[in-house]
Structure formats: C-alpha cells, structure tokens
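Structure, as structure tokens:
Only this structure's heavy atoms are used, side chains among them; waters, hydrogens and symmetry mates stay out.
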Amino acid sequence: MLKLYKKFRPIDWVQTFLIIGLTIVQVWCTMLLVDYVQDITKSIIYLNYQNQISSILPSGMNIGDISFAQILQMMTQNPGSMDSSKLTAEMWSAIQTATTGDIWFNGGMMVLVATGAAGCQFVIAILAAYISSNFATTLRTEVNTKISNFSLAEINKFSTASLVTRATNDIQQVQMANLLVMRMVFAAPVTAIWAICKVQASSWQLTIAAAVGIIFLVICIIILMTFVMPKFKIMQKFIDKVNAVTGENLTGIRVVRAYNAEDYQESKFEKANKDLTKTQLFTGRMLGLMSPIMTLVMNGLTLAVYWIGAGLIAGNEIDYATVQAFTMLCTQIVMAFLMLMMMFILLPRANVCAKRIQEVIDTEVSVKDPEVEKPLVKGEEGTITFDHVSFAYPDAEADILQDISFTAKKGQTIAFIGSTGSGKSTLINLVTRFYDVTKGSITIDGVDVRNMKQSTLRGLVGFVPQKGLLFSGTIKSNIKFGNSNASDKDVEQACKIACADEFISKMEKGYDSPITRGGTNVSGGQRQRLCIARAIATKPEFLVFDDSFSALDFKTDKQVRENLSKSQKDVTKLIVAQRIGTIMDADTIIVLSEGKVVGKGTHKELLQNCPIYREIALSQLSKEELGL
C-alpha cells in the first residue's frame with residue numbers, strides 16, 4: 001500500500017503534515033482536559049472541606065486566620081467534621097484559598113479545551129476527506145488509463161471481471177482505509193503514548209494494572225489478525241468470481257433463457273456467493289470477538305483502577321481526583337487501541353486491494369509505442385504487407401498463425417476464409433496491433449506497425465468487429481465516435497454507404513435517435529450497419545471487416561459491398577467472411593487452415609486448385625451457381 005502513496009501530490013503531503021500537526025494539538029487538548037477535570041474535582045472537594053471546617057469555627061473567626069496546627073486541634077475535638085489524619089499542610093493551604101471562582105475557571109477552561117479539540121477534529125475530517133477523495137480520483141484515472149492501454153493479452157491475463165473490481169471496489173477500499181488512517185491512525189499512537197506517560201507519573205501500582213490490560217488487548221488483536229488477514233486476500237478473489245458470474249449471466253441472458261439454463265446459472269452463482277459469504281462470515285465472527293474483548297478490558301481496567309485506587313487513598317498515598325484522572329487516561333488508552341483495532345480490520349483488506357491495484361499499474365504493456373516514430377513512405381499509401389508472420393498467444397505451446405505472407409495494394413480487396421479456429425480473426429487483430437506478431441513483420445504504408453504510434457496506425461484503419469458494439473448516446477455520436485470532426489454530411493454519406501439510412505429515416509428523431517448501452521435497442525443487422533458506417537466515417541486508408549457481413553441478409557450484404565466498391569475505390573479492404581458470396585469478387589482470397597495459408601488466388605483459381613475452398617464453396621452454393 002505504501003507504493004500507492006507515491007501518487008500523492010505535493011499539496012496532499014502538505015495537508016497530511018498539517019493533519020499530523022492538528023492531531024498533536026487535538027491530543028494535547030484532550031490531555032489538558034484530563035488535567036482540568038482533576039483540578040475541578042479537587043476544587044469541589046476543597047470547597048466541601050472548607051464548608052465542613054467553617055461549621056466548627058468559633059463565631060467571628062475567619063478560616064484564613066487559622067494555622068495548620070490549630071485546625072488539627074479543632075478537628076480532633078470535633079471528629080464528626082473531618083478526619084484529621086487525611087489533612088496535610090498542602091491540603092490545608094488549598095482549602096484555605098479555595099473559592100467558587102476556581103470551579104468557574106476550571107469549568108471554563110474545560111469548555112475551551114474541548115472546543116479546541118472538536119475544532120481540530122473537524123478540520124482533520126475535512127482535510128482527510130479531501131486527500132482521500134483526490135487520492136482515489138488519481139488512482140482511478142491511472143488505472144483506467146493503464147487498462148485503456150492494455151493489449152488483449154493483458155486484458156485476458158486479468159479477466160474483465162477482475163479489472164472492473166480492481167478499478168471500482170478495490171480503489172474504494174483503499175480510499176476508505178486512507179480516510180480512516182488520516183483520522184484515526186495518527187491520533188491513536190500519539191494518544192496512547194501521551195496517556196501512558198501521564199499514567200506512569202501518577203502511581204506505579206495503577207500503571208501495572210493498566211499495562212496488564214493493554215498487553216492482554218494487544219495479544220488478542222495479534223491472534224485475531226493472524227487468522228483474519230489471509231482471508232481478506234481470498235475474499236477479493238471471490239468478489240471477482242461473483243462479478244464474473246453475474247456479468248456472464250446478464251450478458252448471455254437470452255441464451256440462458258433459450259436453453260432453460262437458469263438453474264445451471266443459479267447454481268454457479270450460488271456456489272460463488274456461498275464461498276464469498278462463508279469467508280465474510282468467518283472474518284466477521286472473528287472480528288466480532290473484538291467488541292466483547294474491548295468491553296472486558298475497559299470495564300476490568302476501570303474496576304482494577306478503583307480497587308487499587310481505594311487502597312492507595314486509604315493509605316493517604318493519592319487522592320480521589322488522581323484516581324478519577326487515571327481512569328480517564330486509561331479510557332483514552334483503551335480508546336486509542338480501539339481505533340487501532342478498527343484500522344486492523346480495514347488495513348489488511350485495503351492492503352490486499354492496494355496490491356491488486358499496483359499489479360495493474362505495474363503490468364508491462366506488451367504493445368508499446370516506439371520512442372521515435374518512423375514517417376510513412378510516400379508512394380506506399382494504402383499498401384499492407386505480411387512478411388512471414390507467425391503468432392502465438394501468451395503461454396500457448398504452438399503458433400496459432402504460421403508463416404503468413406501476402407501484399408495488398410491500394411484499393412485492392414483481400415478476403416480471408418477458412419474453418420472455425422483457422423486463425424482468421426487473429427490475423428485481423430494483428431493488423432490493428434491488438435497483439436504484436438511473434439515472428440516476421442507487418443508493414444503499412446511502407447512502415448513496420450511496431451515503428452509507428454498506435455494512434456497513427458488506428459487512424460489509418462477503419463475496423464468493424466465481428467460482434468457489433470455501440471455506445472450509449474445517439475446514432476450520430478456513435479457514427480462520429482472515431483472521427484469527432486466528421487460533418488453531418490459525412491455521417492449521412494457513411495450511413496448511406498452502409499445502407500443504414502433506410503431505417504434511420506424511419507426513426508422519429510433520425511440521426512439524433514438514442515442508442516442504449518451496447519446498442520440493444522436496435523436489431524443485430526442494424527447494429528452491424530451502424531458499425532460499418534462508423535468505420536467509413538473515419539475516412540481510413542484501410543477498412544477491416546472481421547466477419548462483419550454475417551449479420552446482414554444477402555440482399556443488404558450485396559448492396560453494402562457494391563456501395564463500398566463504388567465509393568471507397570482507393571481504400572484497401574481486408575474482409576474475413578464465412579459466406580462465399582461475400583468474398584467471391586475479391587481481388588485475392590486467402591484460404592486458412594490450422595493457421596497456415598493453404599490457398600491463395602481469385603475465386604475461379606481457388607475453385608480449381610484449392611480443395612478446401614472448393615469444399616466450402618460447394619457446401620454453400622450449387623455447381624451451377626459456381627459455374628462448375
């Protein structure tokens with residue numbers, strides 16, 4: 001957790017030291033309050049003695065005119081008034097000078113000191129809230145920025161559910177712990193040490209009683225933390241699991257209901273929920289023991305102080321005011337340990353959360369921008385080359401793509417087809433540099449993609465994913481997602497090419513019609529057409545379609561491709577598809593099987609010389625349709 005404090009701004013450190021200073025002032029006021037309570041108690045006792053003694057004085061005699069020896073003689077003659085054995089010369093002097101003004105003075109100072117302590121606490125609370133909130137904001141920003149820069153390899157390493165938990169729940173736990181550290185942890189040790197020093201000055205017998213109680217309390221805390229701390233780490237993992245199951249269930253709710261799999265999903269959630277509940281119950285019960293232990297120690301210590309104090313008062317070693325002040329100091333010590341105990345409850349879990357946050361921040365991004373970006377080569381615009389490219393996923397034993405080579409010139413259409421798992425989508429992901437190649441190189445506009453910034457590369461590529469994804473907002477905001485400078489005319493033109501204008505014109509608000517998160521308020525085909533329009537609106541050099549036409553009907557599929565062919569003549573197109581009809585007009589078709597190129601050529605060439613392509617084609621179209 002200490003590593004995260006490097007994120008503190010200079011103003012945060014200044015305010016932290018201010019909190020420490022105010023905490024010392026607050027504790028000083030609290031200790032002064034104990035002294036004034038002791039003084040006001042003595043003033044009340046001395047005034048009471050003064051009234052008792054005045055009743056035995058001869059008429060006309062003033063208490064200030066009597067010597068210590070004379071008053072001892074009078075008290076011996078009137079034993080009912082006061083025990084003369086308890087009276088000392090110092091006490092007699094205090095009794096003689098005692099006035100009600102002493103009570104008013106000590107009472108006023110108590111109010112003043114208490115107000116000072118409360119004021120310090122108020123300012124500390126405000127500063128602590130400000131620092132912890134800004135600290136959490138800084139962490140959220142850094143974690144979000146880091147996650148945004150992650151490649152798919154890092155995202156898969158942590159899992160989406162875990163990253164969500166780390167960016168929200170974990171940061172909140174750290175924020176709460178930081179808030180309480182500022183408000184309690186600084187005050188607790190200062191209060192305990194100061195109170196212990198004052199206790200030692202009172203009576204060694206009472207100090208031993210306090211020491212026994214404190215040692216017993218510390219041992220109990222250590223034992224409990226030994227059992228509880230390992231469970232906090234496990235608890236965060238269970239929270240990840242609950243989030244993952246919940247997210248999976250909500251995302252796939254239609255599939256779950258279609259297959260009547262509600263019971264199966266509920267059993268998965270129930271198991272994850274039970275594991276989390278058991279862990280929380282264990283930690284809750286263990287930490288719940290602290291309350292009765294604290295009550296036992298506090299009450300036991302109070303009883304011991306009064307019991308021992310009674311004997312010391314009887315032996316004329318201390319007075320009642322000292323015992324009362326000692327009791328208040330012991331209460332301050334126990335309360336200080338109570339605050340520390342609360343931190344022991346929060347800090348272990350916060351420490352686990354901090355480590356999980358630090359893991360995200362410290363994770364090395366596999367796809368990095370070069371220190372010096374190479375300029376694009378003139379005359380190579382719109383050209384992409386795969387040069388003996390191979391790729392293996394992290395921790396995979398074998399390459400998913402092996403020795404892939406091809407070149408696409410400006411305006412050409414390159415299509416990829418193959419069976420499921422042949423590596424088509426993986427190949428497309430390498431173009432946009434979601435992953436880096438394991439071997440070989442990919443050049444765009446004459447420059448290796450690893451030698452250009454990711455923003456530059458993705459500014460050249462319009463990408464349409466396999467699963468259409470829209471963001472909450474409007475149709476217009478989604479189309480302009482990749483190009484905020486696009487004009488309304490550009491948006492309308494892109495939608496016209498993607499055949500999206502047909503259904504947009506029927507909507508009440510047209511291009512300002514709302515889109516829900518994920519685009520769930522439009523059909524799959526409409527969502528896909530909007531994604532195609534979004535890619536076109538960026539005015540890219542390359543258009544990449546990752547099986548993007550599969551959600552379109554045959555008529556719309558054909559119309560969109562014809563529109564692209566007419567309006568995007570200078571744009572290089574890479575198309576992954578399952579339908580032969582979608583790619584049969586491509587300049588080059590590359591057939592993949594188990595990550596290898598097993599065929600390359602035009603539609604007619606592959607029908608003659610590539611058995612796999614021929615087999616795929618015949619499974620979809622008749623020989624007459626294929627011209628065989």
Side-chain angles (χ1 to χ4, degrees), residues 136 139-140 143-144 146-148 150 152-177 227-288 345-360 363 393-395 420-421 425 465-472 515-524 527 551:
L139 288 180
R140 273 193 293 269
V143 169
N144 183 66
K146 190 75 175 188
I147 292 173
S148 298
F150 276 171
L152 294 179
E154 286 80 53
I155 291 174
N156 292 334
K157 172 188 172 184
F158 286 104
S159 83
T160 302
S162 181
L163 287 173
V164 170
T165 304
R166 292 168 196 248
T168 53
N169 179 270
D170 287 0
I171 291 178
Q172 187 178 14
Q173 292 293 331
V174 171
Q175 178 183 357
M176 290 301 299
F227 285 102
V228 169
M229 285 183 67
K231 294 294 183 180
F232 283 122
K233 189 171 184 179
I234 299 172
M235 188 187 299
Q236 292 305 116
K237 291 181 179 179
F238 284 146
I239 291 174
D240 285 349
K241 196 170 182 180
V242 169
N243 284 343
V245 174
T246 303
E248 181 183 65
N249 193 33
L250 292 173
T251 304
I253 189 68
R254 286 180 293 181
V255 177
V256 172
R257 290 176 178 174
Y259 286 92
N260 291 321
E262 289 91 344
D263 291 341
Y264 174 72
Q265 286 298 107
E266 284 178 10
S267 64
K268 282 175 64 177
F269 178 81
E270 187 176 355
K271 183 181 183 306
N273 194 31
K274 277 186 177 180
D275 290 339
L276 177 61
T277 302
K278 285 180 181 178
T279 307
Q280 289 178 330
L281 282 174
F282 177 82
T283 55
R285 286 165 181 165
M286 292 296 290
L287 294 174
I345 294 173
L346 286 173
L347 279 179
R349 186 174 181 183
N351 191 47
V352 170
C353 294
K355 287 180 180 178
R356 284 159 54 88
I357 295 168
Q358 195 67 48
E359 281 178 10
V360 175
T363 297
Y393 285 107
D395 302 324
T420 302
S425 293
Q466 188 172 11
K467 182 181 179 182
L469 178 65
L470 299 176
F471 299 89
S472 57
I515 294 293
T516 59
R517 179 174 174 264
T520 54
N521 62 331
V522 292
S523 69
R527 187 162 56 245

Test side chain to side chain contact (heavy atoms under 4.5 Å, CB included) applied to Asn144 - qualifying residues, sequence neighbours left out: Ser148
May I ask you to test the Asn260-Glu262 pair for a side-chain heavy-atom distance under 4.5 Å? yes
Determine yes or no for a side-chain-to-main-chain donor-acceptor pair under 3.5 angstrom, with Asp170 supplying the side chain and Ile357 the backbone. no
When every non-hydrogen atom of Val143 is compared with those of Ala167, the smallest separation belongs to CG1-CB, 4.0 Å
Nearest-0.5 Å distance, OG1 of residue Thr168 to CD of residue Gln173: 10.5 Å
Residue pair Thr279 / Phe238: nearest heavy atoms and the distance that separates them: OG1-CE1, 3.2 Å
Does a salt bridge link Lys355 with Glu359, judged by any charged N lying under 4.0 Å from a carboxylate O? no
In terms of heavy-atom contacts, Phe150 and Val360 come closest through CZ-O, 3.7 Å
Should Lys146 and Glu154 be marked as a side-chain contact (heavy atoms from CB on, under 4.5 Å) after you check the CA-CA gap, both sets of side-chain angles, and the distance that decides it? CA-CA 10 Å; Lys146 190 75 175 188; Glu154 286 80 53; over 6 Å; no
Does atom CE of Met286 have more than 12 heavy-atom neighbours from other groups under 6.0 Å away? yes
Going from SG on Cys353 to CD on Gln175, what distance comes out if it is rounded to the nearest 0.5 angstrom? 12.5 Å
For the student: nearest non-hydrogen atoms of Gly518 and Arg527, plus distance: O-CD, 3.4 Å
Just by distance, do the side chain of Thr246 and the backbone of Asn243 share a donor-acceptor pair under 3.5 Å? no
How long is the gap from CD on Glu270 to CG on Asp263, to the nearest 0.5 Å? 10.5 Å
Phe158 vs Ile147, side-chain contact (heavy atoms from CB on, under 4.5 Å): CA-CA, chis, key distance, verdict: CA-CA 10 Å; Phe158 286 104; Ile147 292 173; over 6 Å; no
Rounded to the nearest 0.5 angstrom, the CE-OG1 distance for Met235 and Thr277 is 10.0 Å
Around atom OH of Tyr264, are there more than 12 heavy atoms from other residues, nucleotides or ligands closer than 6.0 Å? no
Within the side chain of Asn156, is there an N or O that forms a donor-acceptor pair under 3.5 Å with the backbone of Leu152? yes
Closest approach of Val245 to Ala272 (non-hydrogen atoms, all atoms of both residues): CG2-CB, 4.5 Å
Considering all heavy atoms, the nearest Ala551-Gly524 contact: CB-O, 4.2 Å
Distance, nearest 0.5 Å, that separates CZ of Arg356 from CG of Leu163: 9.5 Å
Rounded to the nearest 0.5 Å, how far apart are CG of Leu276 and NZ of Lys271? 12.0 Å
